[in-house]
Amino acid sequence: MSSKLVVLVYSNTWEPFLFIIKTMASAGKRDVWKFIDPSLNAEPTLPTLADRPIATSVVAKKTMLVKLTADERDMYKLLY
């Protein structure tokens with residue numbers, strides 16, 4: 001997707017622009033529209049991100065990713 005500077009000069013361009021943004025923000029599993037909707041009365045609470053897994057998340061005794069076996073690395077990828 002390319003990024004272009006968008007300047008809404010005329011009021012008649014606002015609704016089509018907003019429609020496109022809302023459609024893109026509401027599509028898929030990650031519905032971000034609830035966070036960027038300009039009609040919100042209050043700033044939404046953003047979700048917290050989970051901590052990234054580390055090697056000990058898979059095998060308690062292994063502290064480095066390079067020491068994980070292939071199966072353990074697959075488990076790490078799933079956790080990630």
Side-chain angles (χ1 to χ4, degrees):
M1 181 177 184
S2 66
S3 59
K4 298 180 188 177
L5 177 64
V6 176
V7 179
L8 300 173
V9 178
Y10 305 104
S11 60
N12 64 342
T13 60
W14 173 246
E15 286 191 33
F17 169 78
L18 191 59
F19 174 77
I20 292 168
I21 297 300
K22 182 177 181 180
T23 302
M24 292 173 66
S26 300
K29 295 177 188 175
R30 297 180 176 147
D31 181 13
V32 296
W33 181 248
K34 57 190 167 205
F35 301 112
I36 63 172
D37 185 353
S39 67
L40 293 173
N41 293 327
E43 190 169 323
T45 303
L46 297 177
T48 56
L49 297 175
D51 292 334
R52 289 184 177 174
I54 55 176
T56 56
S57 302
V58 180
V59 179
K61 294 181 181 180
K62 295 186 180 179
T63 58
M64 297 176 61
L65 293 175
V66 295
K67 295 191 179 206
L68 296 176
T69 65
D71 287 340
E72 292 167 349
R73 281 194 302 272
D74 287 341
M75 179 56 73
Y76 173 81
K77 289 174 188 177
L78 288 173
L79 292 173
Y80 193 83

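It should be emphasised that the depicted structure is a prediction, and the values quoted were computed from it without experimental measurement.
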Checklist entry - Any side-chain heavy atom of Ile36 within less than 4.5 Å of one from Ile21? => result yes
Checklist entry - So do Asp71 and Met75 actually touch side chain to side chain, heavy atoms under 4.5 Å? => result no
Applying side-chain hydrogen bond (donor to acceptor under 3.5 Å, both in side chains) to Lys22 and not counting sequence neighbours gives none
Subject >> Within-4.5 Å side-chain heavy-atom neighbours: Tyr76 and Pro53 >> reply: yes
### Task
Following the transitive rule for hydrophobic clusters with a side-chain heavy-atom cut-off under 4.5 Å over Ile, Leu, Val, Met, Phe, Trp and Tyr, establish whether Leu79 and Ile54 coincide in one cluster.
no
Here the pair of heavy atoms bringing Leu18 nearest to Pro38 is CD1-CG, 4.0 Å
Discussion item. When you group the ILVMFWY residues by side-chain heavy-atom contacts below 4.5 Å and let the links chain together, are Val59 and Leu65 in the same group?
Written reply: yes
So salt bridge (Lys or Arg N to Asp or Glu O under 4.0 Å) across residues 32-60, not counting sequence neighbours, yields none
Contacts satisfying salt bridge (Lys or Arg N to Asp or Glu O under 4.0 Å) that involve residues 53-69 (not counting sequence neighbours) are Lys62-Glu72
Across all chains, not counting sequence neighbours, the side chain to side chain contact (heavy atoms under 4.5 Å, CB included) partners of Pro47 are Phe35
Residue set satisfying side chain to side chain contact (heavy atoms under 4.5 Å, CB included) with Asp31, at least two apart, ordered chain then number -> Ser26, Trp33
Side chain to side chain donor-acceptor pair (under 3.5 Å) pairs touching residues 6-15, sequence neighbours excluded, are none
